[in-house]
Amino acid sequence: MSACLHLATLNQRSFSRHAEPLPTLTRCLDGLDRLAKALGVGNLSQFVDITELELQEAEALLDEAEREEASVDPETGLVCAIEDMQWFPVAAGMITLEALLDHLAHNQPGELKGTDLRQLSAELIYCEQQLRPLEDEGAQFHLHAVSNAQATGSQE
């Protein structure tokens, strides 16, 4: 199943899966991880949560009657609840994002050869701008993997 990443945040019990898809970040995740390793910071892929993808794949194995019984969580609007997902401190993600953005502002890394670095930087900046105000609040986040079929019908 092909997937696209979206930023998801959790502040107290307030969940948000941001509508902006991150297709360039999704495609470049391996290169970003290699770059993060070279910069001495954590991999961006460690912040990816695939809970919803796994549930969708499991649901695809069910017959139609069983699928209709699947309930939607009232807090998330998804088939998975907040507790089902993996969450990471915003502060931990900011370390990786800031290091990657700083490096991309001054370099054209070989790990990302052939990538539209402006688009990639724009997606990383978007994540940084959404997370920065939440950092001091002790909020959590993850990069929420959704199927490409669902990527256009995002929850907010």
Side-chain angles (χ1 to χ4, degrees), residues 1-12 14-60 76-156:
M1 181 180 292
S2 184
C4 186
L5 298 174
H6 286 254
L7 181 65
T9 55
L10 180 64
N11 192 5
Q12 304 296 323
S14 179
F15 168 83
S16 181
R17 185 175 81 190
H18 299 255
E20 186 72 29
L22 306 167
T24 307
L25 187 151
T26 303
R27 282 191 306 276
C28 297
L29 198 55
D30 289 339
L32 288 166
D33 281 352
R34 288 191 304 275
L35 180 57
K37 183 178 181 178
L39 296 172
V41 296
N43 290 346
L44 202 54
S45 64
Q46 74 181 333
F47 303 116
V48 173
D49 178 75
I50 61 168
T51 304
E52 188 175 4
L53 278 179
E54 290 175 331
L55 288 172
Q56 289 169 344
E57 288 176 2
E59 185 179 79
T76 65
L78 307 170
V79 294
C80 49
I82 289 170
E83 293 80 14
D84 296 329
M85 298 180 233
Q86 289 185 298
W87 295 99
F88 307 93
V90 167
M94 289 296 289
I95 292 168
T96 298
L97 285 171
E98 289 169 348
L100 291 170
L101 281 166
D102 183 57
H103 189 77
L104 290 174
H106 302 100
N107 302 283
Q108 294 189 358
E111 295 88 350
L112 300 170
K113 189 175 181 175
T115 299
D116 181 346
L117 294 180
R118 273 190 272 182
Q119 179 60 35
L120 178 59
S121 292
E123 291 179 17
L124 291 169
I125 289 168
Y126 170 80
C127 291
E128 189 265 345
Q129 289 173 340
Q130 299 303 308
L131 294 176
R132 181 161 305 286
L134 300 173
E135 187 173 16
D136 291 337
E137 296 180 28
Q140 300 176 75
F141 86 107
H142 64 243
L143 296 170
H144 191 86
V146 298
S147 69
N148 280 336
Q150 259 198 314
T152 55
S154 300
Q155 304 277 331
E156 180 107 38

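We're numbering straight along the sequence, starting at 1. What's counted below: heavy atoms across the whole structure, side chains too, no hydrogens, waters or symmetry copies.
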Are the side chain of [X] and the backbone of [Y] linked by a donor-acceptor contact shorter than 3.5 Å?
X	Y	value
Asp49	Gln86	yes
Asp84	Ala81	yes
Thr96	Val41	no

- prompt: Do you know the tightest heavy-atom contact between Leu39 and Ala99?
  reply: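 Nearest heavy atoms, Leu39 then Ala99: CD1-O, 3.7 Å.
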
field: Residue pairs passing the side chain to side chain donor-acceptor pair (under 3.5 Å) test where at least one lies in residues 107-116, sequence neighbours excluded
entry: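 Passing the test, one end in residues 107-116: His103-Asn107.
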
query: Which of parallel (below 30°), tilted (30 to 60°) and perpendicular (above 60°) describes Phe47 and Phe141?
result: tilted

message: Tell me whether the rings of His142 and Trp87 are parallel (<30°), tilted (30 to 60°) or perpendicular (>60°).
response: tilted

message: Is it the case that atom CD in Glu83 sees more than 12 heavy atoms from other parts of the structure closer than 6.0 Å?
response: yes

message: Run the side chain to side chain donor-acceptor pair (under 3.5 Å) test against Ser45 and tell me which residues pass, sequence neighbours left out.
response: Asp33

message: Tell me which one of Val48, Ile50, Leu78, Thr51 satisfies side chain to side chain contact (heavy atoms under 4.5 Å, CB included) with His144.
response: Leu78

query: About how many Å separate CG of Leu117 and CG of Leu124, when rounded to the nearest 0.5 Å?
result: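 Separation between the atoms: 10.0 Å.
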
task: If a pair satisfies salt bridge (Lys or Arg N to Asp or Glu O under 4.0 Å) and one of its residues is in residues 118-139, list it, with sequence neighbours excluded.
output: Glu98-Arg132, Glu128-Arg132, Arg132-Glu135

- prompt: How far apart are the C-alpha atoms of Arg27 and Gln119, what are their side-chain angles, what is the distance that settles it, and do they pass the side chain to side chain contact (heavy atoms under 4.5 Å, CB included) test?
  reply: CA-CA 12 Å; Arg27 282 191 306 276; Gln119 179 60 35; 5.8 Å; no

message: Within the structure provided, determine whether Leu10 and Met85 are in side-chain contact (heavy-atom separation under 4.5 Å).
response: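 Result no, sub-4.5 Å side-chain heavy-atom pair not found.
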
query: Does a side-chain heavy-atom distance below 4.5 Å link Leu7 with Leu131?
result: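 Heavy-atom side-chain distance check passes, below 4.5 Å.
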
message: Using side chain to side chain contact (heavy atoms under 4.5 Å, CB included), reason through Leu25 and Leu143 one step at a time and then give a plain yes or no.
response: CA-CA 10 Å; Leu25 187 151; Leu143 296 170; 4.2 Å; yes

